[in-house]
Amino acid sequence: MRIKIIGGGPAGLYFSYLVKRQRPDFEVTLVERNPEGATFGFGVVFSDQALAFMAADDPETHDAILPAMETWRNLTLDLEGERIDIDGMGFAAIGRLELIQILTERARSVGIEPRFETEADDLSRLDDADLIVGADGLNSFIRGDGSEYGTEMPQLENRFIWYGTDRPFDTLTQSFRRSEDGPFNAHHYRYTPTLSTFIVETDEDTWQAAGFEGIGEAETKAYCENVFADVLQGHSLITNNSYWRRFPKLSCKSWHSGKHVLIGDAVHTAHFSIGSGTRLAMEDALALSKAMLATPDDIPAALAAYEAARKPITEKIVRAANTSAAWYEDFANHMELAPADFAYSYIQRSGRMDDERLQRLAPEFFATYSPHWNADAAGGQA
Ligand SMILES: Cc1cc2nc3c(=O)[nH]c(=O)nc-3n(C[C@H](O)[C@H](O)[C@H](O)COP(=O)(O)OP(=O)(O)OC[C@H]3O[C@@H](n4cnc5c(N)ncnc54)[C@H](O)[C@@H]3O)c2cc1C
């Protein structure tokens, strides 16, 4: 069995490891266009259950990643200086580079040497493989124009830019501020004891009014530092391939075509506000490896089984991510709410949180703020 994997992100590296550790006799190669140790982005956050998905199937990797993670129990909303803590909304984070280094070591431990600085740009050169895995991210070469996979990729309206900062925040915090040009939101959380991710988001009108189209990286950074000066408390933003983007909502009707199969960001995206992109990518890797190892002599059956196992689960999470993203698309209007109502609106944004569940997960938050919501519902003053 000859497997070629394109892309050395979380999905590709993890898949290579999972297959090779079970079947050392398989020939597994992985190509990555970037040099080793070069990756874009800062930390990635994993929602509450973090690595639970791999604990049973792969305790070694679970135990290798867990100690490198920053974890916390609360989530904080900061609405123009008014802070609200929501207990029980735990998250865990890790530097993207660190995660990739750990997964590279896992792959090496089973005899895979990733070929860095190698670009896949010619399908005919891959053709001698029995299976070709497109783990090559959002702009997947393997997916190509997407016509074989029924690909759709509408973009959200808001603009966002991904920074780091050397201010470590206590919790995952959502800060909302106004500049003279309009409203801004920052998603920020620490991913090492000294560093945090800091994603700035704004709506199209504000983006235009601030004139971001015509200014460079240094001016953009200075503008954002100014908007969030009280949040950063004298610390700077750190750039790393930081430019304004719109979030693409990628989906594919089919996840495989012939002996080509897509995993991770090559086949779906989930808005970063629910912190699931990396986990989904690694869960895809796990599911594909299981399907492959169950019927290694029947690749079409394995790929059909992989898609049948993963697509419905992913679609559910992507629906929640899209609903959450829709809340952010309208965050300027939500900022008009009183803080308690703003927090309630925020917490319900993915459409998966009724009052009973909220009370169970976040008893302190519920006890403090639900009387305000009840007062509002009764027409009273919060
Ligand atoms: C602003 C932002 C914030 C995010 N925050 C989070 C977060 O907090 N939590 C989270 O879980 N997820 C987050 N994500 C999403 C997360 O980054 C992705 O879901 C995850 O990286 C997907 O992993 P992957 O392996 O599928 O793809 P990628 O990580 O994109 O890896 C693909 C790899 O393939 C390589 N490659 C591409 N084309 C080729 C080629 N032709 N030849 C060779 N190599 C190639 C690339 O260099 C890359 O290394 C965020 C995304 C964004 C944009």
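Each ligand, and each atom within it, is numbered from 1 in the order the structure gives. Heavy atoms only: backbone and side chains are in, while hydrogens, waters and symmetry mates are out.
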Could you tell me which atoms of ligand 1, counted from 1 in the order shown, lie closer than 4.0 angstrom to a heavy atom of [X]?
X	result
Ala281	22 (C), 23 (O), 26 (O)
Gly137	27 (O), 30 (O), 32 (C)
Gly264	26 (O)
Arg96	21 (O), 28 (P), 29 (O), 31 (O)
Ala135	32 (C), 33 (C), 34 (O)
Gly277	10 (C), 11 (O), 12 (N), 19 (O)

Is the closest heavy-atom distance from [X] to ligand 1 below 4.0 Å?
X	answer
Tyr189	yes
Phe46	no
Asn34	yes
Met282	no
Leu138	no

### Task
Applying salt bridge (charged side-chain N to carboxylate O under 4.0 Å, His left out) between Lys253 and each of Glu315, Glu152, Glu148, report the one that passes.
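That would be Glu152.
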[X] vs [Y] aromatic rings, parallel, tilted or perpendicular, using cut-offs 30° and 60°?
X	Y	value
Phe247	Phe160	tilted
Phe169	Phe198	tilted
Phe184	Phe212	perpendicular
Phe272	His187	perpendicular
Tyr328	His271	tilted

### Task
Only one of Ile84, Asp355, Leu337 passes side chain to side chain contact (heavy atoms under 4.5 Å, CB included) with Tyr344; say which it is.
Asp355
Closest protein heavy atom to [atom], given as residue, atom name and distance to 0.1 Å:
atom	result
atom 19 (O) of ligand 1	Asp265 OD1, 2.7 Å
atom 35 (C) of ligand 1	Glu32 OE1, 3.2 Å
atom 44 (N) of ligand 1	Arg33 N, 3.1 Å
atom 6 (C) of ligand 1	Val44 CG1, 4.0 Å
atom 50 (C) of ligand 1	Trp162 CH2, 3.8 Å
atom 11 (O) of ligand 1	Thr278 N, 2.6 Å
atom 31 (O) of ligand 1	Gly9 CA, 3.4 Å
atom 37 (C) of ligand 1	Asp136 O, 3.3 Å

### Task
Would you give the length of the straight line joining atom CG of Asp203 to atom CD of Gln208, rounded to the nearest 0.5 angstrom?
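Asp203 atom CG to Gln208 atom CD measures 10.5 Å (nearest 0.5 Å).
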### Query
Between His188 and Ser175, do the side chains contain an N or O donor and an N or O acceptor separated by less than 3.5 Å?
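Their side chains do contain a donor-acceptor pair, which is all the 3.5 Å distance test asks for.
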### Ring-face cation of Arg245 near Tyr243 (centre distance under 6.0 Å, axis angle within 45°)
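Verdict for Tyr243: a cation-pi partner in Arg245.
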### Task
Test the Arg159-Trp244 pair against the cation-pi criterion, namely NZ or CZ under 6.0 angstrom from the six-membered ring centroid and within 45° of the ring axis.
no
### Query
Which one holds for Asp121 and ligand 1: side chain close, backbone close, both close, or neither close, with close meaning a heavy atom under 4.0 Å?
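It is neither part, as no heavy atom is under 4.0 Å.
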### Query
Among Phe42, Phe160, Phe141, which one has a heavy atom closest to atom 1 (C) of ligand 1?
Phe160
### Query
Heavy atoms only: which of Ser140, Ser276, Ala120 is nearest to atom 42 (N) of ligand 1?
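Shortest heavy-atom distance from atom 42 (N) of ligand 1: Ala120.
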### Query
Is Lys221 paired with Glu217 through a side-chain N to carboxylate O contact shorter than 4.0 Å?
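Salt bridge between Glu217 and Lys221, a charged N being under 4.0 Å from a carboxylate O: no.
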### Salt-bridge present (Asp230, Arg177; N to O < 4.0 Å)
yes
### Task
Would you verify that at least one protein heavy atom lies under 4.0 Å from atom 29 (O) of ligand 1, or report that none does?
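Within 4.0 Å: yes, protein heavy atom nearby.
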### Query
Taking only residues two or more places apart in sequence, or in another chain, which ones meet Glu36 in a salt bridge (Lys or Arg N to Asp or Glu O under 4.0 Å)?
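Testing Glu36 for salt bridge (Lys or Arg N to Asp or Glu O under 4.0 Å), a comparison that skips the adjacent residues, returns Arg108.
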### Task
Would you check the N or O atoms of Ile199, main chain and side chain alike, for any that come under 3.5 Å of an N or O of ligand 1?
no
